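Only a predicted model underlies this, so the values are computations on that prediction, with no experimental measurement involved.
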Amino acid sequence: MATYNTNEFKAGLKVMLDGDPASIVENEFVKPGKGQAFSRVRIRNLKNGRTIERTFKSGETIEAADVVDVEMQYLYSDEQFWHFMNPESFEQMAADKNAVGDNAKWLKEQEVCIITLWNGVPLTVEPPNTVALKVTETDPGLKGDTSGGGGKPATLETGAVVRVPLFIQIGETIKVNTRTGEYLSRA
Amino acid sequence: MTASSSGDWQPSATLEVLKLRAQMLQSIRAFFSQRDVLEVETPILSAAATTDPALASFTTRYTGPLFAQGKTFYLHTSPEFPMKRLLAAGVGSIYQICKVFRDGESGRLHNPEFTMLEWYRVDFDHYRLMNEIEELIMQVLSPHMPLQAAERFSYREVFQRYIELDPHTASIQDFAAAAKTHGINISQNLRAQNDVCAWRDLLLTHLIEPKLGQGRLTFIHDYPAAQASLARLQPGDPPLAARFELYLNGIELANGFHELADAHEQRTRFERQAQTRHTLALPAMPVDERLLAALEKSLPNCAGVALGLDRLVMLAASKRSLAEVIAFAIDRA
């Protein structure tokens with residue numbers, strides 16, 4: 001079992017915390033001039049995404065987590081699982097609802113996503129920062145309005161609903177920021 | 001030979017900050033010069049080392065005339081011992097600005113080598129020395145940041161004020177409960193910690209320090225006897241150490257003592273620390289017999305303080321980390 005000493009703590013290190021895989025966000029060395037040294041970390045639980053603080057005694061060791069990020073192409077969903085393929089090895093892998101979560105609405109076939117694997121099983125799925133998606137439903141905007149002021153909801157091919165400028169019409173493809181859910185531009 | 005690929009040949013501090021640093025050094029030297037406190041230099045290489053279990057010394061080796069077979073020397077973690085030998089020799093009040101070295105310490109507020117301003121005042125007790133520190137820092141910092149009048153609290157008062165706990169009488173269970181109540185999330189190992197001093201350090205650093213010295217200097221004095229370090233003990237129930245710490249904007253800046261002058265008591269403390277080092281499987285350190293000999297001859301009544309100069313510059317420059325005020329922090333050394 002691999003372990004890490006507090007001296008090895010740094011942002012991005014993957015460790016086991018309370019039985020869940022977690023990623024260190026920030027590590028601060030705390031020590032009074034004449035006293036006990038501590039490692040005070042902000043750490044993100046990779047299962048639920050929550051970031052907490054935890055203080056360790058300097059010199060403590062904690063278990064490493066077998067967590068790796070791989071790039072995989074999204075293939076299709078059968079409602080229960082979302083299927084991905086490694087574009088180099090053609091190896092396929094299925095992520096469940098817990099792993100995909102809210103990001104399901106940004107998944108478009110052929111797009112390359114980052115899959116975080118824990119012990120070889122998909123833990124989280126991250127879509128690209130921006131995706132281009134077709135508008136499947138929106139109110140017709142006023143003709144000639146190109147100001148972009150106001151805005152209206154539009155449903156995209158993946159089911160996501162985003163706010164778009166009034167001039168965007170059904171059938172157009174738009175770029176969306178998947179982290180904020182905001183419209184960026186016409187594709 | 002490999003060339004570094006990045007721009008890490010460049011200083012980690014801006015040139016503007018380095019100029020500020022030079023100005024502050026001048027201001028400090030002028031302060032002591034006006035008061036007839038003598039600037040001294042003592043060896044960085046020492047045959048003995050601190051036995052304090054909380055401090056790790058770097059070791060190095062000299063080989064040549066005098067020690068043909070080679071001899072281990074330690075880089076000092078503070079110039080305290082040789083400065084006390086000068087005091088015992090009758091030098092009078094002295095100060096020193098020097099690099100000190102501590103293994104294992106690196107972070108936003110730590111660099112393994114850093115600059116210490118250390119001074120000793122003959123015939124001062126620690127209360128009087130606190131006044132002088134306040135005057136020095138007011139002089140050095142006031143051109144760069146506004147400071148309200150300094151405040152002083154006992155170690156007990158800050159614990160009572162911020163976490164409703166008496167640090168002198170609290171049990172391990174009380175400390176653990178306070179950590180929980182105040183939402184410090186700690187590892188299992190720390191929860192199982194049965195060293196009272198470590199619990200005090202945990203609560204102090206996590207819950208109290210961040211609140212100390214907001215826009216003003218805050219002195220904490222009257223430490224628990226177990227954390228006396230090299231301070232005298234004041235009789236009482238409980239006995240308290242004549243030790244203080246100084247905070248500004250939540251950052252520990254200085255540590256001072258009404259200096260212990262009793263050679264016998266000092267030896268006992270060194271032996272106790274050596275025992276703790278042994279228990280914790282830390283390397284044994286040679287006790288400074290020359291310091292003990294000087295104390296036996298007699299150390300004048302004096303108070304002394306060590307102040308982290310890089311942290312002072314950091315506060316004056318409104319920076320967040322020591323690397324921003326050191327020309328080349330350890331990762332660029």
Side-chain angles (χ1 to χ4, degrees), chain A residues 1-67 118-119 123, chain B residues 50 52-56 77-78 100 102 104-111 114 116 179 183-193 195 197-202 204-206 209-210 220 223 227-231 241 243 245-247 252-257 280-282 306-308 311 321:
Chain A
M1 185 179 72
T3 58
Y4 294 117
N5 180 280
T6 54
N7 283 341
E8 296 171 274
F9 284 9
K10 59 178 181 186
L13 194 73
K14 307 292 193 294
V15 297
M16 292 303 295
L17 190 75
D18 307 328
D20 283 347
S23 177
I24 292 180
V25 178
E26 196 183 358
N27 174 42
E28 179 143 24
F29 177 78
V30 176
K31 184 183 182 299
K34 311 246 171 210
Q36 173 71 51
F38 305 100
S39 254
R40 188 174 188 177
V41 302
R42 287 207 304 125
I43 188 163
R44 190 164 56 90
N45 181 313
L46 292 173
K47 261 188 163 171
N48 60 28
R50 268 185 229 123
T51 300
I52 59 162
E53 273 204 1
R54 174 74 52 96
T55 295
F56 298 87
K57 193 172 167 174
S58 245
E60 264 192 67
T61 54
I62 55 174
E63 194 186 334
D66 175 13
V67 171
W118 176 37
N119 296 331
L123 184 68
Chain B
T50 178
D52 188 337
L55 295 174
T77 58
S78 121
V100 298
R102 295 180 180 186
E105 302 190 8
S106 179
R108 189 167 66 84
L109 297 176
H110 294 82
N111 196 61
F114 62 99
M116 190 88 105
I184 326 182
N185 187 335
I186 55 177
S187 70
Q188 260 174 357
N189 265 327
L190 270 179
R191 269 200 295 273
Q193 172 73 252
D195 172 11
C197 295
W199 275 108
R200 289 187 192 125
D201 284 342
L202 177 79
L204 185 71
T205 53
H206 284 63
E209 279 187 5
I220 307 299
Y223 273 65
Q227 283 149 263
S229 197
L230 295 110
R243 172 184 164 194
E245 293 254 4
L246 169 62
Y247 293 88
E252 180 193 337
L253 265 188
N255 174 68
F257 310 127
L280 297 174
L282 297 170
L307 188 150
R311 290 186 181 178
S321 68

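- Note that CG of B:Leu202 is 11.0 Å distant from NZ of A:Lys57, once rounded to the nearest 0.5 Å.
- Of the atoms belonging to B:Arg191, not a single heavy atom falls under 4.5 Å from chain A.
- Heavy atoms closer than 4.5 Å to chain A are found in the backbone of B:Ser106, but not in its side chain.
- Note that the CG atom of B:Asn189 and the OG1 atom of A:Thr6 stand 10.5 Å from one another [nearest 0.5 Å].
- For A:Ile62, no part lies under 4.5 angstrom from a heavy atom of chain B.
- Contact tally against chain A (heavy-atom pairs below 4.5 Å) for B:Ile184, B:Thr77, B:Ile186: the top residue is B:Ile186.
- Side-chain contact between B:Thr205 and A:Gln36 is absent, with no heavy-atom pair separated by less than 4.5 Å.
- For B:Leu204, no part lies under 4.5 angstrom from a heavy atom of chain A.
- Only the backbone of A:Glu53 comes within contact range of chain B, with at least one heavy atom under 4.5 Å from a heavy atom of that chain.
- Nearest heavy-atom pair across A:Gly35 and B:Asp201 is CA-OD2, 3.3 Å.
- The most heavy-atom pairs under 4.5 Å with chain A, out of B:Cys197, B:Ala254, B:Gly104, B:Ser187, come from B:Ser187.
- Interface residue A:Phe38: only side-chain heavy atoms are found under 4.5 Å from chain B.
- Only the side chain of B:Arg102 comes within less than 4.5 Å of a heavy atom in chain A; its backbone stays farther off.
- Note that the NZ atom of A:Lys34 and the CZ atom of B:Phe257 stand 4.5 Å from one another [nearest 0.5 Å].
- Within a 6.0 Å sphere centred on CD of B:Gln188, other residues, nucleotides and ligands contribute 12 heavy atoms or fewer.
- Chain B forms the most heavy-atom pairs under 4.5 Å with one residue out of A:Ser58, A:Pro32, A:Gly59, and that residue is A:Pro32.
- Using a 4.5 Å cut-off between heavy atoms, B:Gln227 makes no contact with chain A at all.
- With rounding to the nearest 0.5 angstrom, the CG atom of A:Asp18 is 7.5 Å from the CG atom of B:Asn185.
- Inter-residue side-chain proximity for B:Leu55 and A:Lys31 is flagged as met; some heavy-atom pair is nearer than 4.5 Å.
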